[in-house]
Visitor: 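Shown below is the structure under consideration.
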2 protein chains.
Amino acid sequence: MTHQGPHACRAWRLLVELSLSQRASLPAVAAELDLSPAQCHVLHLLEPGRAVAMGELASALACDASNVTGLVDRLEARGLISRQPSASDRRVKVLTLTPRGARARALLVERLTSPPVAFGRLSAAEQRTLLELLARVLE
Amino acid sequence: MTHQGPHACRAWRLLVELSLSQRASLPAVAAELDLSPAQCHVLHLLEPGRAVAMGELASALACDASNVTGLVDRLEARGLISRQPSASDRRVKVLTLTPRGARARALLVERLTSPPVAFGRLSAAEQRTLLELLARVLE
DNA sequence: TATTGTTATACTCTATAACTATA
DNA sequence: TATAGTTATAGAGTATAACAATA
């Protein structure tokens, strides 16, 4: 039982509402890119130019390794990611975005991160304050 | 292309990161309650004492009606919700939480809304400011 | 005729358990 | 022996299309 300030709980509840509504809106963005929500999550985690082991991906997705195999199978079949054995440990498979995958990811990030018009309700100074407070809590 | 203040985009990006990380944490909360993430979403949408038609649920979940049938089948089989034909339009099926479902929902909300310790980094005044700004954007 | 929900079907997501290859 | 990933299997989530009951 942590002792939070009196507003932390309500602020967090708003953020949880947001997450659940995002849960409903991600499928629409995904469908626009002809991807599933889970595939979008994988693409989002694979930053361009950075190699990620399948096990790392399983940890980040908080899912079983066997699940990652299937996700990667389908993304690889569509030419969006590449799967190569690691040079230093051949048990490990290393994932990278293909150029096509990087383009798909860029499109995804663009769709996901265009802020809702409701942000316009805040002044520039308020937007800056919001950003700073969120950064301290979430980063 | 909307014109947002310079910080809106970054603030929104933080919120999207949060949503995707929630996407990874919801399954753990769900497993604790022996539910799936989708079932948690349904339970969260069914407020105690309020009747919801299946079609409304499909809209709120942004999914096909046929999918709701399966979700409701499983929740009803576990005694968490009840499905009754509407008195005014017998095509419509109306959903309500059972007492057991209401208890499961209360537990779910409690688990979901306990704020992360990182909120402690903010002073009480800052938490209040954050709440007010979020409320204006998200409500 | 139009609408609400169900059924049939197919595919994806997900976990568990058994397996292979490598360390 | 331990670890990374795969395969087999089963159940849940999801959409599309065809259907039944009701309006």
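Just so we're clear, the structure is a prediction, and the values are computed from it rather than from any experiment. Throughout, a chain's letter reflects where its sequence line sits, starting with A, and its residues are numbered from 1.
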Visitor: Side chain to side chain donor-acceptor pair (under 3.5 Å): which pairs involve residues 94-103 of chain A, sequence neighbours left out?
Guide: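 Checked against side chain to side chain donor-acceptor pair (under 3.5 Å) - neighbours excluded - the pairs reaching residues 94-103 of chain A are A:Ser82-A:Thr96.
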Visitor: Please give the angle, rounded to 10 degrees, between the axes at the start and the end of the helix from C:dT1-D:dA23 to C:dA23-D:dT1, where five pairs define each axis.
Guide: 0°
Visitor: Would you give the length of the straight line joining atom CZ of B:Phe119 to atom CG of A:Leu15, rounded to the nearest 0.5 angstrom?
Guide: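 B:Phe119 atom CZ to A:Leu15 atom CG measures 5.5 Å (nearest 0.5 Å).
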Visitor: So if I take residues 43-57 of chain B and measure heavy-atom distances to DNA chain D, which residues fall below 4.0 Å?
Guide: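 Within this stretch, nothing sits under 4.0 Å of the strand.
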Visitor: Donor-acceptor pairs under 3.5 angstrom involving side-chain atoms of residues 42-53 of chain A: please list them, not counting sequence neighbours.
Guide:
none

Visitor: Could I get the full list of salt bridge (charged side-chain N to carboxylate O under 4.0 Å, His left out) partners for A:Arg90, not counting sequence neighbours?
Guide: none
Visitor: Got a sec, which hydrophobics cluster with B:Val92, joining ILVMFWY side chains under 4.5 Å apart, including via others?
Guide: B:Val94
Visitor: According to side chain to side chain donor-acceptor pair (under 3.5 Å), does anything in residues 52-75 of chain A pair up with another residue at least two apart or in another chain? List the pairs.
Guide: A:Asp64-A:Ser66, A:Asp73-A:Arg83
Visitor: If I take atom CG from residue B:Leu112 and atom OG from residue A:Ser19, how far apart are they, to the nearest 0.5 angstrom?
Guide: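 B:Leu112 CG to A:Ser19 OG: 9.0 Å, rounded to 0.5 Å.
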Visitor: Round to a whole Å and report the spacing from CG of A:Leu75 to P of C:dC11.
Guide: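 Result: 18 Å.
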Visitor: Please name all residues satisfying side chain to side chain donor-acceptor pair (under 3.5 Å) with A:Arg13, sequence neighbours left out, ordered by chain then number.
Guide: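 By the side chain to side chain donor-acceptor pair (under 3.5 Å) rule, A:Arg13 matches no residue at all.
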Visitor: So does A:Thr129 get a backbone contact from the side chain of A:Glu132, meaning a donor-acceptor N/O pair under 3.5 Å?
Guide: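 Not a single qualifying donor-acceptor pair exists.
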Visitor: Ignoring hydrogens and angles, tell me if any N or O in the side chain of B:Glu76 forms a donor-acceptor pair with the backbone of B:Ile81 under 3.5 Å.
Guide: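 Here the side-chain-to-backbone pair does not exist.
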Visitor: Scan nucleotides 7-18 of chain D nucleotide by nucleotide, 5' to 3', and note B when protein non-hydrogen atoms come under 4.0 Å of the base, S if they reach only the sugar-phosphate, - if neither.
Guide: B----SSBBB--
Visitor: Under 4.0 Å from any atom of DNA chain D, heavy atoms only: list the residues of residues 77-92 of chain A that qualify, in numerical order.
Guide: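 Close to the strand are A:Arg83, A:Arg91, A:Val92.
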Visitor: Please, which pairs that meet side chain to side chain donor-acceptor pair (under 3.5 Å) have at least one residue in residues 24-33 of chain B, sequence neighbours excluded?
Guide: B:Glu32-B:Arg111
Visitor: Would you please name every residue forming a side chain to side chain donor-acceptor pair (under 3.5 Å) with B:Arg121, sequence neighbours left out?
Guide: none
